[in-house]
Amino acid sequence: MSKEIPIKIYLDESSLPKAWYNLRADMKNKPAPLLDPKTGKVADFEMLRQVFCDELARQEINETDRFIEIPQEVRDFYRMYRPSPLVHAVFLEKALGTPAKIFYKFEGNNTSGSHKLNSAIAQIYYAKKQGLKGVTTETGAGQWGSAVAMACAFFHLDAHVYMVKCSYEQKPFRREVMRTYGAEVTPSPSQTTEAGRRILAEHPGTGGSLGCAISEAVETALKTPDTRYVLGSVLSQVLLHQTIIGLETQAALEKYEIKPDIIIGCAGGGSNLGGLIAPFAGEMLQGKADYRLIAVEPASCPSLTRGKFAYDYCDTGKICPLQKMYTLGAGFIPSPNHSGGLRYHGMSSILSQLYHDKLMEAVAVGQKEVFDAAVLFARTEGTLPAPESSHAICQAIREALRCKETGEAKTIVFGLTGTGYFDMAAYHKYNDGEMTDFVPTDADLEKSFADLPVIP
Ligand SMILES: *Cc1c(COP(=O)(O)O)cnc(C)c1O
């Protein structure tokens, strides 16, 4: 590290990446293909374009092009909030008394409050270019729905968001953000779809789940002319768009000749982590460098650390393509926890393959330790982090404290995916000492594994 490192490393607009990086091009073991849930056959372009925009269906199955150009209109939008800063966490280092160097890539610098806007704006751009009228989607805690609403407002498309009912009721402010940007928001399960009516008949009074909201959004997209479905995580197209995070991080580190040892991200469906680590995993696959890449998931929804590597449904209604991934089973409903964005039962097929091939590690952490980390971070670094992001903070602190014991000055980089201003009910629980850890038992998991589809 020759040059003096500033606390905030900003790249100028001209160094905004011109292309996303498609890690699959460099993977020797490619992720398994998506399958049609009805026939069990490989889901090809023709099948995928019924649900997704044409260009996104192409990106979903593209395993060969290493770089995919970012359209000029998308780059122009990115310019409003990118390149995002890479911050040297000097005050956190000091509080921990660690010889480690800690950096975080901050994605909370836009109104949606998270990295999700990076993919939303790309997906909505392609929908617009195809001449569609609108899109449908689901949202859990509301970050993805907010990002889609913002992107649709920018490109003048209709957005219909199915919001998991318990969040719809508990997070009225996120709902109003979406409505302010012009989106229609329906609590899920609802009476407006067959999938919703079926689930309501079976489980009256349910607070809903992501898997259920996905089914409703897909069904509505299929039934509405000139409308497609968009998804905020898990899919390979989403990881592709999120590589803007990793590419900028790589450029910022190179600018100051910083070589990371450990790269950490929280993992819900895997999009921010996949985007952050992609260029670094690419260097590993090409034999150019070696890093420890770590996925951090909640102990209440431990798909990588306790799930099965198998084909599974992506949604409760079983209408989306089947994906081979680490999964807890599509019927798994995680016990309530405060990281809505990390409550998905499965994991990106790209990350699942990297983990299976031992290129990436995974840990599960309890939410009390996560909020201890969140509060220390808020008090030292100023930014009040999202509960999801705080999983990455938690593991970064663990690694930094390990360095303190061994005296090693490792360089740790983690993704700070968003801010927690809409999560104050969770902080309220923590501040009142009422936060609890929910961990599923092996018997709970066996029950949902029993419903994994049998692939001939
Ligand atoms: C959605 C979300 C996540 C998790 O999603 P991934 O696809 O796993 O990245 C993490 N942090 C925040 C702030 C989110 O909104």
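Note that ligands are numbered from 1 as they come in the structure, with each ligand's atoms numbered from 1 the same way.
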Checklist line | Between NE2 on residue H391 and CG on residue L273, distance to nearest 0.5 Å | finding: 13.0 Å
Note to self: Aromatic contact between Y125 and F154, with the criterion being ring centroids under 6.0 Å apart: yes or no?
What the structure shows: no
Next item on the list: Would you mind finding which of A147, S112, G268, G232 brings a heavy atom closest to atom 8 (O) of ligand 1?
Entry: G268
Next item on the list: Test H356 against Y326 for side chain to side chain donor-acceptor pair (under 3.5 Å), laying out the working first.
Entry: CA-CA 9 Å; H356 194 70; Y326 279 87; 2.9 Å; yes
Item checked: Protein contact of atom 4 (C) of ligand 1 - nearest heavy atom, named by residue and atom, plus distance -> G341 O, 3.4 Å
Notebook entry, point to check: Is the shortest distance from a heavy atom of E107 to ligand 1 less than 4.0 Å?
Noted result: no
Check: At what distance, to the nearest 0.5 angstrom, does CG of D54 lie from CD of Q59?
Finding: 11.5 Å
Notebook entry, point to check: Heavy atom under 4.0 Å from ligand 1: found in Q242's side chain, backbone, both, or neither?
Noted result: neither
Next item on the list: Could you list which atoms of ligand 1 come closer than 4.0 Å to a heavy atom of S233?
Entry: 6 (P), 7 (O)
Note to self: How far is atom 13 (C) of ligand 1 from the closest protein heavy atom, and which atom is that?
What the structure shows: T417 OG1, 3.3 Å
Notebook entry, point to check: Under the side chain to side chain donor-acceptor pair (under 3.5 Å) criterion, do E55 and Q237 qualify, and how do the steps go?
Noted result: CA-CA 10 Å; E55 190 54 35; Q237 56 185 270; over 6 Å; no
Notebook entry, point to check: Should K116 be counted as touching ligand 1, given the test is an N or O pair under 3.5 Å?
Noted result: yes
Margin query: Is there a polar contact, in the sense of an N or O pair closer than 3.5 Å, between G270 and ligand 1?
Written below: yes
Note to self: Using a 4.0 Å heavy-atom cut-off, which part of A267 comes near ligand 1: side chain, backbone, both, or neither?
What the structure shows: backbone
Next item on the list: Would you mind running through ligand 1 and noting each atom that sits below 4.0 Å from a heavy atom of S114?
Entry: 13 (C), 15 (O)
Check: With a cut-off of 4.0 Å, which atoms of ligand 1 are near a heavy atom of L342?
Finding: 4 (C)
Notebook entry, point to check: Is any NZ, NE, NH1 or NH2 atom of the basic residue among K18 and E69 found under 4.0 Å from an Asp or Glu carboxylate oxygen of the other?
Noted result: no
Margin query: Determine whether T192 and S190 satisfy the following criterion, side chain to side chain donor-acceptor pair (under 3.5 Å), listing intermediate values before the conclusion.
Written below: CA-CA 5 Å; T192 66; S190 75; 2.7 Å; yes
Item checked: Polar proximity ligand 1 side, N272 side, N/O cut 3.5 Å exclusive -> yes
Check: Would N118 and R82 satisfy side chain to side chain donor-acceptor pair (under 3.5 Å), going step by step from the backbone distance to the final call?
Finding: CA-CA 10 Å; N118 300 333; R82 310 203 68 87; 2.8 Å; yes
